[in-house]
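As the structure lists them, so they are numbered: ligands from 1, and atoms in each ligand from 1. As the structure is a computational prediction, the values presented were derived from the model and not from experiment.
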Amino acid sequence: MPSFEKCLVTGGAGFIGSNLADELIRSGREVRIVDNFSTGFRENLEEIDGSFDFVEGDLNDETVLSKAVEGIEAIFHQAALPSVPRSVEDPVGTHEACASATLRLLTKAKDAGVRRFVYAASSSAYGDQPVLPKVETMAPDPLSPYAAAKLMGEHYCSVFYRIYGLETVSLRYFNVFGPRQNPSSMYSGVISRFIDALMKGGAPVIFGDGEQSRDFTYIANVVNANIRAAEIADGFGETYNAANGERTTLNQLLEVLKRITDRADAAADHQPPRKGDVLHSQADNSKAVEVLGYKNLVGLEEGLRNTIEWWKNSRFADDVR
Ligand code: UD1
């Protein structure tokens, strides 16, 4: 089984990137992180246990790219401007951060002789197809600029394997949650926002009737999928759903969180549905299970409890302490 020592995590100051860097360091790899702090935080870097190289800058900058990939065997490309609504506001910025930066990084990786390239793709590629669960053989149908830009990156990954032999693997993440997910932005993921609101005694906002559903996936499962993707011996140029294969509505999610946080009193603040929102999302994860050995290491409720514990000790809890 091919293994790797020297790896680059792009977006390593972000939620997924910093958790991934932690695990790579824990398993004895040499880690370099590149981040421009557009949505990442220095606090996440400070929480990483162990030493790593750090390059600050944007992946669309040639000098930054050169420094970032030098001597690297495997790249975990997590850097992006995540968020469907942000992309509706700023489609060009989203394209540059998600699609152009990916193409530049792939090109630099090929030229520098990097062997493996694991790409953070998005379940938003499936759009609102009525068939559930969503399986990789379905034709993509992006509904937002974010989904389109992320899908573009996937296509480039596939092409770079076919033409240049760069060993790319695309992981379509399905609503990843867990410690270090920033709850403080209007673009933040729903679980981080629900937890923040409940813990602060506020009312969680639900866009629409709350009957939309997602395949919420705990961070440890996605980190493990990334490491497996860097170790597989074939299956390159392909896409894999990275998710548990279960579906939870926002109303169900809120009930579980109200119970865990002791906020039975909390009532949702319903607001109009968001533009570009997908109604239902659930993965068929059998390809990832079979090829990557994907495992549901941590389920929804345990993951929510871990995330709440992290929140209690995080800077986000400061104003209620
Ligand atoms: C989408 C992608 C996901 C991607 C993520 C990046 C899909 C199915 N998923 O997530 O792959 O990684 O973008 O940001 O397209 N909501 C509320 N209240 C809130 C916040 C959100 O009700 O305070 C609702 C949203 O309207 C949505 C759901 O919760 O219906 C999930 O939203 P969010 O957590 O932002 O993720 P997606 O847009 O599903």
*Asks:* Same cluster or not: Leu105 versus Val114, using hydrophobic residues (I, L, V, M, F, W, Y) connected whenever any side-chain heavy atoms lie under 4.5 Å apart?
*Replies:*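 Result: yes, single cluster for both.
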*Asks:* Can you name the closest pair of heavy atoms from Ala243 and Ala283 and give their distance?
*Replies:*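 Ala243 and Ala283 have their closest heavy atoms at CB-CB, 3.5 Å.
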*Asks:* Considering the heavy atoms of Ser281, write down every atom of ligand 1 situated less than 4.0 Å from one of them.
*Replies:*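 In order of number, 8 (C).
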*Asks:* Report, as yes or no, whether the 6.0 Å neighbourhood of atom NZ on Lys6 holds more than 12 heavy atoms from other residues, nucleotides or ligands.
*Replies:*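 Count not over threshold, so no.
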*Asks:* Of all the atoms in ligand 1, which lie at a distance below 4.0 Å from a heavy atom belonging to Ile206?
*Replies:*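 Counting from 1, the qualifying ligand atoms are 22 (O).
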*Asks:* Excluding sequence neighbours, so at least two apart, what forms salt bridge (charged side-chain N to carboxylate O under 4.0 Å, His left out) with Arg180?
*Replies:*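 Residues passing salt bridge (charged side-chain N to carboxylate O under 4.0 Å, His left out) with Arg180: Asp22, Glu47.
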*Asks:* Among all protein heavy atoms, pick out the one at the shortest distance from atom 3 (C) of ligand 1; state its residue, atom name and that distance to 0.1 Å.
*Replies:*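 It is Ser122 OG, 3.7 Å.
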*Asks:* For ligand 1, is Tyr187 a contact, meaning one of its heavy atoms is under 4.0 Å away?
*Replies:*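 No.
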*Asks:* Give the atom numbers and elements of ligand 1 that come within less than 4.0 Å of a heavy atom of Gly189.
*Replies:*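 Answer for ligand 1: 34 (O).
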*Asks:* Mind checking whether Arg193 has an N or O less than 3.5 Å away from an N or O of ligand 1?
*Replies:*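 Between Arg193 and ligand 1 (N or O atoms, distance only) the closest approach is under 3.5 Å.
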*Asks:* If the cut-off is 4.0 Å to any non-hydrogen atom of Ser83, which atoms of ligand 1 fall inside it?
*Replies:*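 So the atoms of ligand 1 that pass are 6 (C), 14 (O).
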*Asks:* Within ligand 1, which atoms have a heavy atom of Tyr173 less than 4.0 Å away?
*Replies:*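 Listed by number with element: 11 (O).
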*Asks:* Which residue holds the protein heavy atom closest to atom 18 (N) of ligand 1, what is that atom called, and what is the gap in Å?
*Replies:*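 For atom 18 (N) of ligand 1, the nearest protein heavy atom is Val205 O, 2.8 Å.
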*Asks:* For atom 38 (O) of ligand 1, what is the closest protein heavy atom, and at what distance to 0.1 Å?
*Replies:*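 I find the closest protein heavy atom is Arg274 NH2, 3.4 Å.
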*Asks:* Please list the nearest protein heavy atom to atom 29 (O) of ligand 1 with its residue and the distance rounded to 0.1 Å.
*Replies:*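 Here the nearest protein heavy atom works out to Leu250 CD1, 3.3 Å.
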*Asks:* Side chains of Tyr126 and Gln282: donor-acceptor distance under 3.5 Å anywhere?
*Replies:*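 Distance-only check fails for Tyr126 and Gln282.
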*Asks:* Please list, in number order, the atoms of ligand 1 under 4.0 Å from a heavy atom of Tyr146.
*Replies:*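 Those of ligand 1 that fall under 4.0 Å from Tyr146 are 4 (C), 6 (C), 12 (O), 13 (O).
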*Asks:* Atom 1 (C) of ligand 1: which protein heavy atom is closest, and how many Å away?
*Replies:*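 I find the closest protein heavy atom is Val84 CG2, 3.9 Å.
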*Asks:* Indicate whether any N or O donor in one side chain lies under 3.5 Å from an N or O acceptor in the other, for Asn221 and Asn296.
*Replies:*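 Per modelled atom types, Asn221 and Asn296 side chains form a pair under 3.5 Å.
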*Asks:* Taking 4.0 Å as the limit for heavy-atom contacts, which would you say applies to Asp277 with ligand 1: side chain only, backbone only, both, or neither?
*Replies:*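 Asp277 to ligand 1: side-chain contact only, backbone stays beyond 4.0 Å.
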*Asks:* Does Lys275 NZ have over 12 foreign heavy atoms under 6.0 Å away?
*Replies:*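 At most 12 heavy atoms, drawn from other residues, nucleotides or ligands, come within 6.0 Å of this atom.
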*Asks:* Could you check atom 10 (O) of ligand 1 against the protein and tell me its nearest heavy-atom contact, residue, atom and distance included?
*Replies:*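 Sorting protein heavy atoms by distance from atom 10 (O) of ligand 1 puts Asn175 ND2, 3.5 Å first.
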*Asks:* Are side-chain N/O atoms of Asn36 and Glu56 paired as donor and acceptor at under 3.5 Å?
*Replies:*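 Side chains of Asn36 and Glu56: no pair found under 3.5 Å.
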*Asks:* Just checking, any donor-acceptor pair under 3.5 angstrom between side chains of Asn306 and Tyr218?
*Replies:*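 Checked: Asn306/Tyr218 side chains pair up, N/O donor to acceptor below 3.5 Å.
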*Asks:* Which part of Ser123 is near ligand 1, with near meaning a heavy atom under 4.0 Å away: side chain, backbone, both or neither?
*Replies:*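 Both the backbone and the side chain of Ser123 come within reach of ligand 1.
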*Asks:* Do ligand 1 and Arg214 have nitrogen or oxygen atoms that lie under 3.5 Å from each other?
*Replies:*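 Yes.
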*Asks:* Between Phe37 and Phe54, what is the ring plane arrangement, given parallel below 30°, perpendicular above 60°, and tilted in between?
*Replies:*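 Geometry flag for Phe54 against Phe37: tilted rings.
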*Asks:* Would you tell me whether Arg172 and Thr239 have side-chain atoms, one donor and one acceptor, within less than 3.5 Å of each other?
*Replies:*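 Short answer, no.
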*Asks:* With Tyr240, which residues qualify under side chain to side chain donor-acceptor pair (under 3.5 Å), at least two apart?
*Replies:*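 In terms of side chain to side chain donor-acceptor pair (under 3.5 Å), with neighbours along the sequence ignored, Tyr240 is linked to no residue.
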*Asks:* Students should be able to answer this: which protein heavy-atom is nearest to atom 34 (O) of ligand 1, and at what distance?
*Replies:*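 Looking at atom 34 (O) of ligand 1, the protein heavy atom closest to it is Val190 N, 2.7 Å.
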*Asks:* Could you tell me the residue and atom name of the protein heavy atom closest to atom 17 (C) of ligand 1, and the distance to it rounded to 0.1 Å?
*Replies:*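 Going by distance alone, atom 17 (C) of ligand 1 is nearest to Phe207 CD1, 3.3 Å.
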